Amino acid sequence: MDKNEITSAIIRSSIEIHQSLGPGLLESVYEAVLAHELGRCGLKVECQKPVPIQYKGLQFPDPFRIDLLVEGKVIVELKSVEEIIPVHFRQTLTYLRLSGFNLGLLINFNVPKLKDGIHRIVDGLPE
């Protein structure tokens, strides 16, 4: 499966979940349900995947965790916040850079229409 097919599956599942559950739940609820739904679709999903980093010769085994890593190719950063702010985009981009992946989805479930809460982020493109 290529990255575009994976992101399409993630978006479809996210929209279905949002239509069923609605906005306002905790991020952890959307994470669990989305991971289950993607797994049901046959996709490999890793939840809260630790990402090691090196800094000035020191190794930090799990300084941050990716909400979802799908098929070992696409990072999904989930939010359930009033509004996505610029630091959320920067956070997702930093996660991409530090993990070595180049494609991520930033999804905010706390919106009336989920299409307004989905953002595709690609490392290597100008900001």
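Computed from a predicted model, the values in this text were never measured in an experiment. Sequential numbering from 1 along the given sequence is applied to the chain's residues.
Note: Y95 and F64 have parallel aromatic rings, judged against thresholds of 30 and 60 degrees for the angle between ring planes.
For Y30 (side chain) and S80 (main-chain N/O), no donor-acceptor pair under 3.5 Å exists by modelled atom type. Proximity of a side-chain donor or acceptor of N110 to a complementary backbone N or O of P23 within less than 3.5 Å is not detected.
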Run the side-chain contact (heavy atoms from CB on, under 4.5 Å) check on K115 and I15 step by step: do they pass? CA-CA 8 Å; K115 70 179 183 106; I15 290 170; 5.5 Å; no

Given D67 and V76, is the side-chain contact (heavy atoms from CB on, under 4.5 Å) satisfied, shown in steps? CA-CA 6 Å; D67 288 342; V76 182; 5.7 Å; no

Is there a salt bridge (Lys or Arg N to Asp or Glu O under 4.0 Å) between E77 and K79? Walk through the geometry before answering. CA-CA 7 Å; E77 179 62 24; K79 300 292 181 197; 3.2 Å; yes

Please assess I6 against D2 for the test side-chain contact (heavy atoms from CB on, under 4.5 Å), listing each intermediate value before the final yes or no. CA-CA 6 Å; I6 295 167; D2 73 17; over 6 Å; no

Run L96 and L103 through side-chain contact (heavy atoms from CB on, under 4.5 Å) and show every step you take. CA-CA 7 Å; L96 289 170; L103 179 60; 5.5 Å; no

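You'll find the side chain of E31 reaches within 4.5 Å of the side chain of L68, heavy atoms only. For the pair L105/R120, a side-chain contact is recorded, criterion being any heavy-atom separation below 4.5 Å from C-beta on. Using a 4.5 Å cut-off on side-chain heavy atoms (C-beta onward), F109 and L21 make no contact. Residues F60 and P52 are not in side-chain contact: their nearest non-hydrogen atoms beyond the backbone lie 4.5 Å or more apart. Residues H88 and V81 meet the side-chain proximity criterion, which asks for heavy atoms closer than 4.5 Å. Using a 4.5 Å cut-off on side-chain heavy atoms (C-beta onward), I121 and D123 make no contact. The shortest side-chain heavy-atom distance between T92 and L106 falls under the 4.5 Å cut-off. Using a 4.5 Å cut-off on side-chain heavy atoms (C-beta onward), I75 and S99 make contact.
Counting only residues at least two apart or in different chains, side chain to side chain donor-acceptor pair (under 3.5 Å) contacts with residues 8-19 are absent.
The nearest pair of heavy atoms linking P50 to D62 is CB-CB, 3.3 Å. The two atoms that bring I84 and F89 nearest to each other are CG2-CE1, 3.3 Å, heavy atoms only.
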Pairs under 3.5 angstrom only: tabulate donor-acceptor contacts from the side chains of residues 32-47 to other protein residues two or more places apart or in another chain.
residue, atom, partner, partner atom, Å
E37, OE2, R40, NH2, 2.9
E46, OE1, K49, NZ, 3.4

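By the 6.0 Å contact criterion, CD on E82 is open, its count of non-hydrogen atoms from other residues, nucleotides or ligands being 12 or less.
Tracing side-chain contacts under 4.5 Å through hydrophobic residues (I, L, V, M, F, W, Y), one reaches L114 starting from L26; they form part of the same cluster. One hydrophobic cluster, built from ILVMFWY side chains closer than 4.5 Å, holds both L98 and Y55. If you chain together hydrophobic residues whose side chains sit under 4.5 Å apart, V122 and I10 fall into the same group.
Interatomic distance, N108 CG to E27 CD, rounded to the nearest 0.5 Å: 9.5 Å. In this structure, CD1 on I17 lies 9.0 Å from CD1 on I107, to the nearest 0.5 angstrom. Taken from CD1 in I85 to CD in Q91, the straight-line distance is 9.5 Å, to the nearest 0.5 Å.
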